[in-house]
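Everything below concerns the one structure shown next.
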Protein chains: 2
Amino acid sequence: MTHGIDEVARVAGVSTATVSRALRGLPNVSPITRKRVEAVARDLGYVASPSAASLASGRTRTIGLLTPWVNRWFFANVIEGAERSLRAVGFDALLYTFDIAREVPRRPVDPSVLRHRVDGVLVVGLPLTDLEVEALEGLDRPVAFVGTGRDDHLTVRLDDHEAGVQATEHLVGLGHRRVGHVTGTPDEEHSWSPPSGRRQGWSEVLRAAGIEPEAGWEVNGHFDIQGGRTSTHALLDAHPEVTAVFAASDEMAMGAILAARDRGLRVPEDLSVVGIDGHDLGELVGLTTVSQDASGQGSQAARLLLDLIAGRGEPSLVVHPTVLVERASTAAPRA
Amino acid sequence: MTHGIDEVARVAGVSTATVSRALRGLPNVSPITRKRVEAVARDLGYVASPSAASLASGRTRTIGLLTPWVNRWFFANVIEGAERSLRAVGFDALLYTFDIAREVPRRPVDPSVLRHRVDGVLVVGLPLTDLEVEALEGLDRPVAFVGTGRDDHLTVRLDDHEAGVQATEHLVGLGHRRVGHVTGTPDEEHSWSPPSGRRQGWSEVLRAAGIEPEAGWEVNGHFDIQGGRTSTHALLDAHPEVTAVFAASDEMAMGAILAARDRGLRVPEDLSVVGIDGHDLGELVGLTTVSQDASGQGSQAARLLLDLIAGRGEPSLVVHPTVLVERASTAAPRA
DNA sequence: CTGTTAGCGCCTTCAA
DNA sequence: TTGAAGGCGCTAACAG
């Protein structure tokens, strides 16, 4: 039951080196030899041992997916897209979730487990600190970011500022003036983080409309449904004058709708709600949103990362478009 | 920059074998030696090469997650739970999605890419054919199933038949008699597949109530929102007499609600809808459902699989409970 | 408790 | 175009 490369070599009547070359599609193998080797390998059910191949070659044909969550809309879809791109070229996707507690500052991400495990790393959705990025670079492997803006690295994301602008302009255009904001966990140190960008879009649009956003209009929804719900309650407790809420994700927006319902407020008559994402269930819920293509971002980032690994292309910044989708959760405020 | 085990050994003044033993927590290492080795390894930032360790030991400390989808509620949550259990003991999760086209029969899953890559395989949610299971066993590694009932293997799932019974009895109890069913892709060959079990529960409850389910009352929703929507339209086109729909997943149930809305039907006044899952957004949508703990199933299955790998425990069947959660999508039919 | 010594299975120069 | 041979970095016997 060895079924190692030498078994194939013996049966095919060639050397192990030739088997290796033939099966990996390298040039310098005669077509006849290659066919024969391939046939023998198939017959024997031979599959090269990845450990042995990695050890000898230094390449793992594996990409590490570094993500805080796998069961949230954006993350699940990015992972889906990335995995599809990787699988298409025979690369594996290794899942690394790092617990993000709700405390600030969180425990730093330690990428050392990835050492010698991956040919590249795809960071999904979480703004890393400079120290964490440095640690990642210590792995000496290409790194790509999706949905979070390290513009000095290969990055695929949307224009968070613009998304915040689109959402808020929609509300202001409907006549809202007291617009609350449910943010994710904004990172004060990184103005380029998605929550920060979205918040800036919000505050700038308000100011441009002659409205000075009050400090209490902004609450932290931790990027999930319950967080959106809880924080919207806090927002409305303190600021009942608010007539509209812009949430930095659809899941938090859905939490905001739940909060409104808890309080006997009608959406959109008493409270307008807009999110960001384009969640699959947005239509059912009637959620107005600024939509993005998460799975497309994931697959493109994976492809660009593979290019980088192969020595093709340079680290670049790809900004995906966002589109406002108007549904039933927003309307003009009541007179 | 070798930073290999021999570097650590040299600096610590011991042999590589001792370093290996010390860092892996094996016995037969004096506490003093272990401390010293650990300190040196930390200072040098040494992390063992997984390829080399796998090659030498035959173990990969990696589990393959075989799943058709990563961005559907059940699957995303099982993966989340499994990854958490694995990470806790230093195992990696390797993601393998296999495309499930909507054609029947689908292309067989080929597990040969997993050869030498994993210490065990966790199959999530898809009923495999006997041939596919055989191929999996050819890997000579423990296999576990989540959410699909290979009862001859380690399996963690719910009682699909009972779930179908709970959902249908709820509807019949409300007075419904013409109850449609949106199934996933039922596998005629495997009576134990989730869609089949849920369907059987449905038809048995109807028969017990003296109702013979018509062939056209059952449609295939392919386990997603759009499939649920499309198939519910087809169902209601052909059978407008139906007053309630039992969908085999919450996502399909949400599609059914969308279809009802498309047709100007009110839920639950004109059409009652019940699903299975306990989707996070069920509350927002007001969906009555038979809920299950997907992430708990994932983490438990991973733990049991690790036990099997470690030679502890036997393949067993764990059936998780389901609970009917009544919400606003079901009510008595109109007179 | 610790060191020595073979490999694990493949890739990759270097020669032919 | 192919073969021979060394080595990738670690683990696991076995000896001491």
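Within every chain, numbering begins at 1; the chains are lettered A, B, ... in the order of the sequence lines, protein sequences first and strands thereafter. Heavy-atom basis, side chains included; hydrogens, waters and symmetry copies ignored.
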Under 4.0 Å: is that the gap between some side-chain N or O of [X] and OP1 or OP2 of [N]?
X: A:Arg21; N: D:dT1; answer: no
X: A:Arg24; N: C:dT12; answer: yes
X: A:Thr33; N: D:dT2; answer: yes
X: B:Ser20; N: D:dA12; answer: no
X: A:Ser15; N: D:dG3; answer: yes
X: A:Ser49; N: C:dC10; answer: no
X: B:Ser30; N: C:dC1; answer: no
X: B:Thr18; N: C:dG3; answer: yes

Who are the side-chain contact (heavy atoms from CB on, under 4.5 Å) partners of B:Val47, not counting sequence neighbours?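 A:Ser112, A:Arg115.
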Can you measure [X] atom [atom1] to [N] atom [atom2] for me and round it to whole angstrom units?
X: B:Asp6; N: C:dT4; atom1: CG; atom2: P; result: 13 Å
X: B:Ile5; N: D:dC8; atom1: CD1; atom2: P; result: 14 Å
X: B:Asn28; N: D:dA15; atom1: CG; atom2: P; result: 17 Å

Checking side chain to side chain contact (heavy atoms under 4.5 Å, CB included) for the pair A:Asp224/A:Arg72: CA distance, chi angles, key distance, verdict? CA-CA 8 Å; A:Asp224 62 20; A:Arg72 301 247 217 286; 3.7 Å; yes
Tell me which of B:Leu55 and B:Leu26 sits closer to the 5' end of DNA chain D, going by the nucleotide each one is nearest to.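 Nearer the 5' end of the strand: B:Leu55.
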Which nucleotide sits closest to the side chain of A:Ala56: C:dG9, D:dT2, D:dC10?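 Among C:dG9, D:dT2, D:dC10, the one nearest the side chain of A:Ala56 is C:dG9.
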Please classify the nucleic acid contact of A:Arg59 as base, sugar-phosphate, or nothing, using heavy-atom distances under 4.0 Å.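 Touches sugar-phosphate only.
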Derivation and outcome, side chain to side chain donor-acceptor pair (under 3.5 Å), residues B:Ser54 and B:Ser51: CA-CA 5 Å; B:Ser54 302; B:Ser51 325; over 6 Å; no
Quick one: which residue pairs count as a ring-ring contact (aromatic ring centres under 6.0 Å, His included) with a foot in residues 118-151 of chain B, not counting sequence neighbours?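 For residues 118-151 of chain B, and leaving out neighbouring residues, the ring-ring contact (aromatic ring centres under 6.0 Å, His included) pairs sorted by first residue read B:Phe145-B:His153.
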